[in-house]
Amino acid sequence: MLNNLTGQIERITYSNEENGFTIARVKVPGRRDLVTVVGNLMSPMPGEIIKMQGEWTNHPKYGEQFKLLSYKTAVPATVYGIQRYLGSGLIKGIGPVMAGRIVKKFGKNSLDIIENEIEKLAQVDGIGKKRIEMIRTAWDEQKEIRDVMLFLQTHGVSSGYATKIFRQYGNQSIAVVQENPYRLAADIFGIGFVIADGIAEKLGFSKNSTLRAEAGIQYVLHQMADEGHVYYPYGLLLEKCREILQVEREVVGKAIGRVAIDKKIIIEDLNDKIEEFRENNKAVYLEKYYVCETSIAFRLKTLIGAPKSFRNIDLDRAVEWVQKQLSITLAEKQLEALRCSVENKVVVITGGPGTGKTTIINAIIKIFSRLKLKIMLAAPTGRAAKRMSETTGYEARTIHRLLEFSFQKGGFQKNEKKPLDCDLLIVDEASMIDTILMHHMLKAVPPRATFILVGDVNQLPSVGAGSILNDIIESGSVSVVKLNEIFRQAKGSRIIVNAHKINDGIIPSFKTPAPSGSTNDFYFIQQEDPEKVLEIILELTRERIPRRFNFDPVEDIQVLTPMHRGVAGAGNLNKKLQEALNPGENIIIRGDRGFRINDKVMQIKNNYDKEVFNGDIGKITKIIADEQALVISFDGREVVYEFADLDEIVLAYAVSVHKSQGSEYPAVVIPILIQHYMLLQRNLIYTAVTRGKSLVVIVGTRKALAIGIKNNKTQKRYTYLKHRLRS
């Protein structure tokens, strides 16, 4: 039997932004104790009056609860309720302190003043014209968003997503969703095809609808791009779409044809004479990936054939001169790298840690600067660029900064019409460069320039789609030098020696104390129980490593894990590490995540507007409750995030190995367990170990470590770049 209940929200015990599920404590007239209300509430705020319909239940542990089935909100009637409502953070520009001042001044009329005579707020201490405009905008949006939220609520959309939908489409939100809910999957970060499909079903869209099939195909191709594929074979795509959409192959086949006619995808016949394409000789690309891959091949070949910006030089004299300048003697492979860099337009220099890549970069820079040529240095991430600057003494920038990316101006400002002004461009950490970024970079490289890619091809490939460095090397169309000699000073590091062993498929040495001539910088702690592994990691980061090595537990120590889920996955590790390293009451809750001042966080998608990119690590420096925002410092640059943007941020006390690429940390702690076996690969373990500069600690089992090191089968990525470069 359904019951009606009206009450005022006193506090929110739990609220999940992802699905709207809420546990609230509500003050109901006539009842002495607060009532526990459980159900879906859209952006619940303390102080709100809600008229509810539902049923009473008795929870075996928590006692009597009111299970909410539907509700309506009403404006709070009491002065206390109004103050709680205004101070809840719902209205940007009004926090708890300001709410108290407004209510003290206007009492029960406070909401009427904001609605009808907002200029009178200037009578309140601390409110000027700028804040009045902020409150006016937020108040109007809040009224409009309520209508949108109530509509979306009935179609299974959570409050967090409803806010994003409103920000994207404004007053057109309901019309857009009714006309084509699948647009949400393409336009809004966090809303994938599955959520959009659920909304479409509630709106009455047929399972066999044209819109659904076309959106499903693009969704699958985007999923494949997220897994690293630049294209996907036609036959495999057909089968995967049929499986996900639960429709006949014929429906998918027709939809693929329609999407291809609209140029949203490109279908290309691959050369069926090449063994690997005989069964899947039709490649299906999202349009942007096809443009980027063909452009990379064309521009690289054009650059290789273009004349140099300087005359031939006496190489022997140049080598003799640069060795004196740097007070070194170059090894044979280093000399080869130097010669190739002077004689060729495009060069790849690859090698593991301790093989002299930095020395070669410095030698090349010396010679080109002696020739009075313009030099530019870049790397994919801010940390890698900073490290490059420190080791060369030359300014190095991120690729995005080098290409002058501007969200306001519509993208990369450096391109074929406005190229970089340089004779030499050296890009470090090249294994991280994905297809889209390489396309934009090559557009900006002037024909006269020498282009040198430096990186470690044995690391994990880029997070984005493609296998750029590996494909360029395997194409055989570019001069490649592979450095393989570990230099004497590097042999003293067990991290470097063991990294090379891992790369060669050999289980590393864990002797303690360290062998003569090397330092104790590499440790293994045997433990197979995941719960105990978690305890050891917490103890290592909080106490043992800081005490023995004088490292800051947040700034200097990074936990790297193969997985996101599980006891030793990034999600759980971050919660436990946050509690251990940065406890406190003041926390901003977003779904199942909470953020505090001084938390270490990571951006998980490219945000060109903020100029913050996937994998960037920062620190929360301020929480501005009045404005529903917080401030994150990325290498000293402060960036403001509204609470609605916080699904782009995750805690970063522990990060996946993939996300650690291009970064170097004083100390890394790596859990490796049998539970991770699906992801245990040699290049993953090698990448994790090479992130540690002064200390690496592996916690787990020798069996799991051996499984990973012996597994040299990297996941195949569907790309056609190496064949385009050969043709």
task = Could you tell me whether a side-chain N or O of Thr701 sits under 3.5 Å from a main-chain N or O of Ala704, the two making a donor and an acceptor?
result = yes
Leu469 vs Ile433, side chain to side chain contact (heavy atoms under 4.5 Å, CB included): CA-CA, chis, key distance, verdict = CA-CA 8 Å; Leu469 187 63; Ile433 303 171; over 6 Å; no
remark   = In this structure, OG1 of Thr541 is separated from CG of Asp552 (nearest 0.5 Å) by 11.0 Å
ask   = Just by modelled atom types, is the Ser694 backbone N or O under 3.5 Å from a matching donor or acceptor in the Asp521 side chain?
value = no
message = Are His229 and Tyr232 an aromatic pair, judged by ring center distance below 6.0 Å?
response = yes
Exercise: identify the closest heavy-atom pair between Ser295 and His439 = OG-ND1, 2.9 Å
remark   = In short, Ile507 meets Lys501 closest at the heavy-atom pair O-CD, 4.5 Å
Check: Ile674 and Glu528 side chains under 4.5 Å, non-hydrogen atoms = no
task = Please answer whether the main-chain N or O of Ala568 pairs with a side-chain N or O of Thr561 as donor and acceptor at a distance below 3.5 Å.
result = yes
message = So that I can tick it off, tell me whether Glu239 and Arg242 are bridged by a salt bridge, with the cut-off set at under 4.0 angstrom between side-chain N and carboxylate O.
response = yes
key: Sole candidate of Val554, Asn582, Leu581 that passes side-chain contact (heavy atoms from CB on, under 4.5 Å) when paired with Asp599   = Asn582
message = Quick check: do Arg682 and Ile502 have side-chain heavy atoms less than 4.5 Å from each other?
response = yes
task = Decide yes or no on salt bridge (charged side-chain N to carboxylate O under 4.0 Å, His left out) for Glu555 and Lys600, but give the supporting numbers first.
result = CA-CA 8 Å; Glu555 297 290 331; Lys600 184 178 180 180; over 6 Å; no
message = So Asn683 and Asn458, do their side chains get closer than 4.5 Å, heavy atoms only?
response = no
ask   = Are side-chain heavy atoms of Phe522 and Ile698 found at a separation under 4.5 Å?
value = yes
key: Main-chain N/O of Ser663 paired with Arg691 side-chain donor or acceptor, under 3.5 Å   = yes
request  = Please step through side chain to side chain contact (heavy atoms under 4.5 Å, CB included) for the pair Ile468 and Ile296, ending with a clear verdict.
outcome  = CA-CA 9 Å; Ile468 294 293; Ile296 290 167; 3.9 Å; yes
request  = Apply side chain to side chain donor-acceptor pair (under 3.5 Å) to Glu648 and Asn607, showing your working.
outcome  = CA-CA 9 Å; Glu648 296 182 11; Asn607 188 320; 2.9 Å; yes
query = Between the side chain of Lys357 and the main-chain N/O of Gly352, is any donor-acceptor distance below 3.5 Å?
reply = yes
request  = Would you name the heavy atoms of Ala688 and Ile670 that are closest together and state the gap between them?
outcome  = CB-CD1, 3.8 Å
key: Spacing of Phe613 atom CZ and Leu437 atom CG [to the nearest 0.5 Å]   = 9.0 Å
ask   = Any donor-acceptor pair under 3.5 Å linking the side chain of Ser389 with the backbone of Ala396?
value = yes
task = Starting from the C-alpha separation in whole Å, work towards a yes-or-no answer on salt bridge (charged side-chain N to carboxylate O under 4.0 Å, His left out) for Asp647 and Lys605.
result = CA-CA 10 Å; Asp647 57 353; Lys605 67 164 283 204; over 6 Å; no
task = Decide salt bridge (charged side-chain N to carboxylate O under 4.0 Å, His left out) for Arg724 and Glu293; before the verdict, give the C-alpha distance in whole Å, the side-chain angles of both, and the deciding distance to 0.1 Å.
result = CA-CA 9 Å; Arg724 294 187 195 282; Glu293 189 178 81; 2.8 Å; yes
task = Using modelled atom types only, decide if a donor and an acceptor are shared between the side chain of His500 and the backbone of Pro353 within a distance under 3.5 Å.
result = yes
Closest contact, heavy atoms only, Ile265 versus Val284 = CD1-CG1, 3.8 Å
Lys693 side chain reached by Tyr665 side chain, heavy atoms, under 4.5 Å = no
inquiry  = Between Arg383 (side chain only) and Asp616 (backbone N and O only), is there a donor and an acceptor less than 3.5 Å apart?
reply    = no
key: Gln578 (side chain) donor-acceptor with Tyr653 (main chain) under 3.5 angstrom   = no
ask   = Got a salt bridge between Glu227 and Arg717, using NZ or NE/NH1/NH2 to carboxylate O under 4.0 Å?
value = no
ask   = Where the side chain of Thr398 meets the backbone of Pro380, is there a donor-acceptor pair that is under 3.5 Å apart?
value = no
Distance in Å, Ser493 OG paired with Asn520 CG, rounded so as to fall on 0.5 Å steps = 11.0 Å
key: Lys333/Glu336 salt bridge by N-O under 4.0 Å criterion   = yes
query = Between CG of Leu705 and NZ of Lys710, what distance do you get to the nearest 0.5 Å?
reply = 10.5 Å
inquiry  = Nearest 0.5 Å, please: how far is NZ in Lys443 from CE in Met438?
reply    = 14.5 Å
query = Do Thr350 and Val481 come close enough that some side-chain heavy atom pair is under 4.5 Å?
reply = no
Between CZ on residue Arg387 and CG on residue Asp428, distance to nearest 0.5 Å = 7.0 Å
key: Considering all heavy atoms, the nearest Ala580-Arg542 contact   = CB-NH1, 3.7 Å
key: Shortest non-hydrogen contact from Thr355 toward Leu483   = O-CD1, 3.6 Å
query = More than 12 foreign heavy atoms under 6.0 Å from CD of Glu332: is that the case here?
reply = no
query = Any idea how Phe549 and Tyr523 line up, ring-wise: parallel (<30°), tilted (30 to 60°), or perpendicular (>60°)?
reply = perpendicular
task = Give the intermediate values and the outcome of side chain to side chain contact (heavy atoms under 4.5 Å, CB included) for residues Lys659 and Ile617.
result = CA-CA 10 Å; Lys659 293 286 189 185; Ile617 288 181; over 6 Å; no
ask   = Should the pair Tyr231 and Tyr720 be assigned to parallel (<30°), tilted (30 to 60°) or perpendicular (>60°) ring geometry?
value = perpendicular
key: Student check: side-chain heavy atoms of Val559 and Val668 closer than 4.5 Å   = no
request  = Let me see the working for Gln661 and Glu429 under side chain to side chain donor-acceptor pair (under 3.5 Å), right down to the final yes or no.
outcome  = CA-CA 8 Å; Gln661 286 173 266; Glu429 296 287 356; over 6 Å; no
ask   = Taking it one step at a time, do Ile364 and Ile349 satisfy side chain to side chain contact (heavy atoms under 4.5 Å, CB included)?
value = CA-CA 12 Å; Ile364 294 166; Ile349 301 170; 3.9 Å; yes
inquiry  = In this structure, is the centre-to-centre distance between the rings of Phe412 and His400 below 6.0 Å?
reply    = yes
query = Can you find a pair of side-chain heavy atoms, one from Thr392 and one from Leu377, that are under 4.5 Å apart?
reply = yes
